[in-house]
Amino acid sequence: MNDFPTLRELLEEAVRAEPRDHVFARWHEGGAWRTRTYAETLERVRALSEWFGNQGLVPHHTHVALLLPNSPEWLEIYLAIVGLAGTVVPIDPKLTPAELHHILSDSGAALLVTDPAHLKTLAGALPTLPSLRGALVVGGAVPEGLPFAAETLEAVLEAVPADTPLRFWDAPGHRPSPDDVCAILYTSGTTGKPKGAMLTHRNFSADALGALKLISGYVTPHDDFLVVLPLFHAFAFTANFVVALRAHATLSYLRSLRTLSEDLRQVRPTVLMTVPLMAEKLHARLMESVRKNVWGRLAHRLLPRRVGRRVLDAMGGRLRLIIVGGAKADQAILHDFNRMGIPMSEGYGLTECAPVVSVCPPERIRIGTIGPAIGGIEVRLSEADDQGVGELQVRGPITFRGYWGNPEATEAAYDGDWLRTGDLASLDAEGYITIRGRAKALIVNREGKNIYPEEVEQAIARDPLVGAVVVLAYATRGEPGEKVGALVSPNRDTLARLHPKATPEETRTLLREAVKRQCAALAAYKHPRKIEVSLEPLTLTSTQKVRRCLYAGTLDEV
């Protein structure tokens, strides 16, 4: 097998290399934990591929939207599609109908895999999606009145007996190559609409291999990954799935955040990939128990590793690798976990890099940095200043093919053959990267969600009462992560016409209500949590855009 196998080749290799009873997936159903082996998974993937083939999936051309929460079926469906050289469009189930419609339309998805609830939500919009011609329904019956044919997952699997020769999976023309586009991942767009980043099998495979080189010896076929993050997100997909697949490890699916402590004890995972918000929750629960009595507080201060041992026992006793990514972590929390002997390191990436760019090796953690670049890629600092800070750029097999249907945005994403990250960074003598700020205005909340201010600004600016708006990240002292805030000023002419007697306080109320009204069509995590109203006009550039740099930091809570 070459260094950059396809996801199909990775699955087939794992089945060949491991015993028939080697577990791939573990999930909770019917009051008990259930398992499925690598061999059983491949059989189900092969059976599912027949349905997609019969629906007219054309290798290298057909896009299939995948709109489901985490489950073993999510990955089986994904592997069935890309195993036939199709392309998956993974979608966040929490997006609004308008956002879902944009992605389905822009991607040209021919098939949709989802649950009955989302089909009902999209019912009115389905006839306006001419490229969509069929659906696979998971977790229930096919709703009535669909404008195209649909089938349930159960019926599809029952239609193909085990060990049956397959017309599509076994056909040479349906095998993907490393450079085929595996997925189109939609990220919030700087022009007001999400853009679809095209990532190939090579991108994901190279990213997983490069990450494994940095954490060599920490992931083996005996490891168990607890899947807590949504798989439609690039970090979860690569770090939890592709890395585990390359290592022939097991994936255990969290039931819910409410059952996290119980699931940790029952599953006893060895690897946890998470985001800062979950690290904060784990730490908060720990400190709650520590502060219950004076002996706990003393032990935490004087005997941190003894406390850490108890913490690890409470999390199943086998956890030995925790990596935080998706957003900047609280450095104090990282320090505390590590002083207790619980190795928690930080990584960095972006969707366009499949996504991992760097990670702190568990045995060489340097808190405050995001570690060195993963194996097989190059990084550089563009136009570094006299402090050694410049834009971090990446080159190598992990960088994406481009944005679907958007050559202008693709061209802007690259500096020659170097991908622009938009993040300002410095490099030390040993290659450890420290993020210093952003060259772009992207906001990343503590859950790892990306929010582009321009998208939110365009939604707010549609209200006639809004004269100017700038959406900014703001910070709260003592709390990690960025939050979304908005600074708006009124359109004086419209205000005078519609509300001629409005007092300053009434004007502020009207503007705040307008912001909330206009943001209702956006996903909840994009809504401004703080809305400030300036009764004076905001300063504009010559192109009539708000001069963002003048207002950076003005919403921070100190």
Side-chain angles (χ1 to χ4, degrees), residues 7 63 65-66 78 82 87-92 94-95 99 102-103 106-107 181-191 193-208 210-211 229-243 273 275-276 323-328 347-359 370 373-374 377 379 391-406 409-414 418-423 435 438-445 447-455 482 523 525-526:
L7 298 189
H63 298 172
L66 180 52
Y78 193 110
V82 303
T87 299
V88 179
V89 183
I91 305 178
D92 181 351
K94 294 182 179 179
L95 293 180
E99 291 168 318
H102 167 72
I103 293 174
D106 186 75
S107 67
V181 175
C182 180
I184 300 176
L185 298 180
Y186 275 79
T187 61
S188 296
T190 58
T191 58
K193 292 292 185 182
K195 302 190 298 293
M198 296 183 288
L199 292 158
T200 66
H201 288 261
R202 182 186 303 274
N203 293 152
F204 287 123
S205 188
D207 202 54
L229 305 176
L231 288 166
F232 67 80
H233 193 284
F235 173 50
F237 182 79
T238 298
N240 271 321
F241 167 55
V242 188
V243 167
M273 305 291 183
V275 291
I323 294 178
V324 182
K328 186 173 179 59
Y348 164 86
L350 62 160
T351 299
E352 291 82 353
C353 287
V356 183
V357 171
S358 68
V359 65
I370 53 171
I374 64 170
I377 70 168
V379 296
E391 184 193 30
L392 183 66
Q393 297 186 345
V394 182
R395 181 166 68 181
I398 67 171
T399 62
F400 79 141
R401 175 75 60 81
Y403 295 109
W404 168 253
N406 197 334
T410 300
E411 183 178 0
Y414 278 93
W418 291 87
L419 180 72
R420 307 174 190 268
T421 68
D423 288 310
I435 297 297
R438 273 202 188 87
K440 56 187 179 182
L442 179 70
I443 300 170
V444 182
N445 70 13
E447 295 175 307
K449 298 277 193 180
N450 290 348
I451 303 105
Y452 280 87
E454 293 88 343
E455 179 186 12
E482 296 175 324
Y525 67 86
K526 301 176 184 177

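Each residue takes its place number in the sequence, starting with 1. Computed from a predicted model, the values in this text were never measured in an experiment.
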Quiz item: For the rings on Phe204 and Phe237, is their centre-to-centre separation under 6.0 Å?
Solution: yes

Nearest 0.5 Å, please: how far is [atom2] in [Y] from [atom1] in [X]?
| X | Y | atom1 | atom2 | answer |
| --- | --- | --- | --- | --- |
| Lys94 | Tyr525 | NZ | OH | 10.5 Å |
| Phe400 | Thr351 | CZ | OG1 | 9.5 Å |
| Ile184 | Thr87 | CD1 | OG1 | 5.5 Å |
| Phe241 | Leu229 | CZ | CG | 15.5 Å |
| Ile370 | Leu392 | CD1 | CG | 6.5 Å |
| Arg401 | Arg202 | CZ | CZ | 9.5 Å |

Using modelled atom types and a 3.5 Å cut-off, is there a donor and acceptor pairing between side-chain atoms of [X] and backbone atoms of [Y]?
| X | Y | result |
| --- | --- | --- |
| Glu99 | Ala523 | yes |
| Asp423 | Glu391 | no |
| Tyr78 | Leu66 | no |
| His201 | Cys182 | no |
| Ser107 | Ile103 | yes |

Exercise. For Thr410, check side-chain contact (heavy atoms from CB on, under 4.5 Å) against everything at least two apart and list the hits.
Key: Tyr403

Quiz prompt | Sub-4.5 Å side-chain heavy-atom contact between Glu352 and Thr187 | solution = yes

Quiz prompt | Any Thr421 side-chain heavy atom under 4.5 Å of Val357 side chain | solution =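 Heavy-atom side-chain distance check fails, nothing below 4.5 Å.
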
Exercise. Taking side chain to side chain donor-acceptor pair (under 3.5 Å) as the test, write out the residues that go with Glu482, two or more places apart.
Key: Arg438

Practice problem: Output all residues satisfying salt bridge (charged side-chain N to carboxylate O under 4.0 Å, His left out) with Lys449, sequence neighbours left out; order by chain, then residue number. | Solution: Asp92

